[in-house]
Each structure stands twice: as structure tokens, then as C-alpha cells.
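To find a chain, count down the sequence lines: A is the first, B the second, and so on, and within it residues start at 1. All values reported here derive from a predicted model rather than from experimental measurement.
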2 protein chains.
Amino acid sequence: MRPLVHPAIEDVRPEAILHALSDPSRAAIFARISGAGSVQACASLSALGDRVIPKSSLSSHFKVLREAGLIRSERQGVEMRNHSRCAEVEARFPGLLGAIMSAYASQGCGTAGKTEGA
Amino acid sequence: MRPLVHPAIEDVRPEAILHALSDPSRAAIFARISGAGSVQACASLSALGDRVIPKSSLSSHFKVLREAGLIRSERQGVEMRNHSRCAEVEARFPGLLGAIMSAYASQGCGTAGKTEGA
DNA sequence: TCTACTAGTTCCGAAATTCCGAACTATGGG
DNA sequence: CCCATAGTTCGGAATTTCGGAACTAGTAGA
């Protein structure tokens with residue numbers, strides 16, 4: 001297993017963030033991580049709304065979020081702890097995450113809309 | 001030539017907007033349309049920054065922006081007039097476009113960052 | 001009207017992405 | 001050591017994107 005890649009905040013690109021969050025499943029995952037006291041294991045997210053996401057897809061969603069600079073993941077025992085990098089991203093691109101998450105929330109998309117808590 | 005499709009503002013979905021703007025070329029095109037008094041022909045956008053975009057790609061970029069609800073296009077004589085739908089989108093998803101365009105602008109991406117003028 | 005030119009669209013094959021099941025790796029317990 | 005759990009990687013099918021060539025529409029000139 002190759003080591004996890006986390007871009008430095010100054011290497012984070014807006015297009016990567018938009019691409020990562022342009023998938024409603026990933027946006028919902030990110031909303032959950034941001035909302036849940038900044039920590040969440042992968043397995044707890046396999047069912048979002050009405051859709052069951054297979055493990056391999058889930059794993060690549062996490063990879064996309066991680067490499068976009070939106071979350072930080074670290075192995076802790078058997079599971080993976082995922083923290084949102086909201087605060088860093090907010091400092092670099094003010095208002096971006098808040099606007100995106102509330103856009104999703106405002107049209108009633110599953111579990112979105114709690115970004116401010118970081 | 002099939003007629004142009006423009007979603008009603010209430011049918012516009014956040015994932016479509018994020019997807020449309022997650023491509024830097026499209027974001028630059030949208031920034032130009034939003035900045036240039038809300039009207040711009042397609043041909044004037046074939047060279048953005050350092051990259052020459054072929055006509056067929058340009059045409060599909062416009063289609064994506066249009067169907068995401070970001071622009072409105074109408075044929076006027078030989079050419080196409082493109083207006084940004086900023087104001088409508090702003091009313092539906094407050095702050096979204098501003099945050100996205102200034103994220104792009106803040107990392108020096110060609111012609112981005114003048115969204116407020118609509 | 002016929003021709004030529006300009007602006008943009010459509011078609012379609014190649015290249016790149018995404019999706020997801022199966023096999024695998026890593027950690028912890030008994 | 002053997003097994004269970006949590007997640008990753010592989011690889012092929014399905015989908016999406018890119019871009020050249022051919023096409024359509026409007027306009028001007030002879």
C-alpha cells in the first residue's frame with residue numbers, strides 16, 4: 001500500500017476542488033466528514049441517502065477528495081480517520097466551500113450543508 | 001440544427017455548475033462572458049491564455065455551460081450572442097459564482113475573476 | 001441566383017475517465 | 001497461525017471527453 005498523498009494547501013487547485021465536489025456522492029461524503037466533528041471512518045459512509053456505494057468506488061472517492069486537498073486521511077489501527085481540511089481551504093479560497101455546500105443543501109441533496117464547523 | 005436548450009433557473013443543479021466550471025477553459029470562457037458586458041460571440045474566445053481551442057471543442061464547452069444554466073445563448077445573424085445568467089444563479093445559489101471565480105482569480109488563472117458585473 | 005465566406009454544429013473514432021467486482025494488503029484478536 | 005475487519009489495487013466494461021472533417025445557416029457580392 002503506497003503512502004497517502006496530501007497536497008500542501010498552496011498546491012491545491014480550484015479545478016480539483018470543483019471536480020471533486022461536482023459528484024453528489026463525494027459532496028455528501030465531504031459534508032458528513034465536515035459535519036461529524038471532523039473525523040469519520042470510510043465504512044460509516046457506504047450508504048448515503050438511497051444509494052449503496054461499493055467499497056472500491058468509495059475508496060476512489062476518498063482518494064479524489066484527498067488529492068483535491070479537501071480531506072486528510074490517516075490510518076489508525078485497522079481503520080482510516082478522515083478529517084476535513086475546511087479551515088485551510090477556507091483560508092486559501094474564502095467562501096468557496098460554504099457556498100458550494102449550501103448550494104447542495106438548498107436543493108435538498110442528502111446530507112450536505114454543514115461546512116461551517118471547521 | 002436543433003434548438004438551444006436552456007434550463008429554467010429552478011432546474012439548475014449545483015453539480016452541473018461545479019462540473020461545468022471544474023474545467024479551467026470553461027471557467028475562463030464563463031469569466032469572459034460575465035466580464036464583457038454580458039455579451040460575447042464564440043469565435044472571440046478561441047484563444048484563451050496559451051491554449052488554442054478547436055471549434056468543435058469550443059462548441060461543446062458552450063453547450064455544457066448553457067445546459068448547466070450558466071449562460072444563455074441566442075443566434076443573432078451568423079453569430080451567437082452569449083449572456084451570462086449570473087444574476088439568476090446568484091439568486092438561486094448565493095455566493096457560489098463569486099467564490100468560484102475568485103478562487104480561480106486568486107491563483108492566477110488567465111481571465112477569471114469578474115463575475116460581479118451582472 | 002449562384003458563389004464564396006464566416007460562424008457554429010454535428011458526427012464519429014480515438015483517448016481518457018469512471019465504475020465496480022474480485023483479489024489483495026494491513027492490522028488486531030484469539 | 002488463522003481468521004475477521006477495513007481499505008486498496010487490479011483490470012475490464014461503460015461512459016465521457018477531445019478534436020478533425022463534413023455539414024448547416026446567414027450574409028454579402030457579382
Side-chain angles (χ1 to χ4, degrees), chain A residues 1-6 13 15-30 32-33 36 39-68 70-83, chain B residues 1-6 13 15-30 32-33 36 39-68 70-83:
Chain A
M1 269 167 199
R2 62 189 69 131
L4 301 175
V5 175
H6 293 100
R13 313 238 138 235
E15 61 264 39
I17 293 183
L18 298 186
H19 172 251
L21 296 179
S22 71
D23 179 313
S25 306
R26 278 194 298 258
I29 290 170
F30 179 68
R32 274 271 267 274
I33 292 175
V39 174
Q40 194 83 181
C42 298
S44 63
L45 293 156
S46 57
L48 283 163
D50 46 357
R51 187 143 163 66
V52 172
I53 305 174
K55 275 173 34 160
S56 57
S57 306
L58 206 46
S59 181
S60 62
H61 283 328
F62 277 96
K63 187 178 184 208
V64 170
L65 290 170
R66 194 160 52 231
E67 297 185 351
L70 288 165
I71 65 175
R72 197 179 291 281
S73 315
E74 58 190 88
R75 178 155 230 136
Q76 185 149 36
V78 206
E79 56 184 46
M80 203 62 118
R81 322 285 294 181
N82 295 288
H83 318 241
Chain B
M1 276 180 192
R2 61 190 67 137
L4 301 175
V5 175
H6 293 99
R13 290 187 302 140
E15 60 263 40
I17 293 183
L18 297 187
H19 172 252
L21 296 179
S22 70
D23 180 312
S25 306
R26 280 194 296 259
I29 290 171
F30 179 68
R32 274 271 267 274
I33 292 175
V39 174
Q40 194 84 184
C42 297
S44 63
L45 293 157
S46 57
L48 282 164
D50 46 357
R51 187 140 164 66
V52 173
I53 304 174
K55 276 170 37 155
S56 58
S57 304
L58 205 47
S59 181
S60 62
H61 283 328
F62 276 97
K63 187 178 183 208
V64 170
L65 290 170
R66 192 160 55 231
E67 297 185 350
L70 288 166
I71 65 174
R72 197 179 290 282
S73 316
E74 56 191 87
R75 179 155 231 131
Q76 185 150 40
V78 206
E79 58 184 35
M80 202 63 115
R81 321 283 293 180
N82 295 289
H83 319 240

Could you state the CG-P distance from B:N82 to C:dA7, rounded to the nearest angstrom? 14 Å

Output the rounded distance in Å from CE (B:M80) to C1' (C:dT9). 8 Å

NE2 of A:H61 versus C1' of D:dT9: gap in Å, rounded? 16 Å

Between A:H19 and C:dT18, is there a side-chain N or O to OP1/OP2 distance below 4.0 Å? yes

Heavy atoms, side chains only, cut-off 4.5 Å: are B:H19 and B:R26 in contact? yes

For atom CD of A:E74 and atom P of C:dA26, their distance in whole Å: 19 Å

Integer-rounded Å distance: D:dT9 P and A:E67 CD: 10 Å

Does CZ in A:R13 sit with more than 12 non-hydrogen atoms of other residues, nucleotides or ligands closer than 6.0 Å? yes

CZ (B:R51) and OG (B:S25) are apart, to the nearest 0.5 Å, by 6.0 Å

B:S73 and its side-chain contact (heavy atoms from CB on, under 4.5 Å) partner, picked from B:I33, B:L65, B:L4: B:L4

Nearest-nucleotide 5' precedence on DNA chain D, A:K63 against A:E79: A:E79

Figure out the CD1/C1' separation between B:I71 and C:dG8, and round it to whole Å. 13 Å

Do nucleotides 19-30 of chain D as a string where each nucleotide becomes B, S or -: B if the base has a protein heavy atom under 4.0 Å, S if just the sugar-phosphate does, - if no protein is that close. BBB--B-SS---

Roughly how many Å is it from CG in A:L4 to C1' in D:dA6, rounded to a whole number? 13 Å

Calculate the interatomic distance between B:R26 atom CZ and D:dT17 atom C1'; express it in whole Å. 9 Å

To the nearest 0.5 Å, tell me how far B:E67 CD sits from B:H6 NE2. 9.0 Å

Take B:I29 and B:N82 through the test side-chain contact (heavy atoms from CB on, under 4.5 Å) and record every step on the way to the result. CA-CA 10 Å; B:I29 290 171; B:N82 295 289; over 6 Å; no

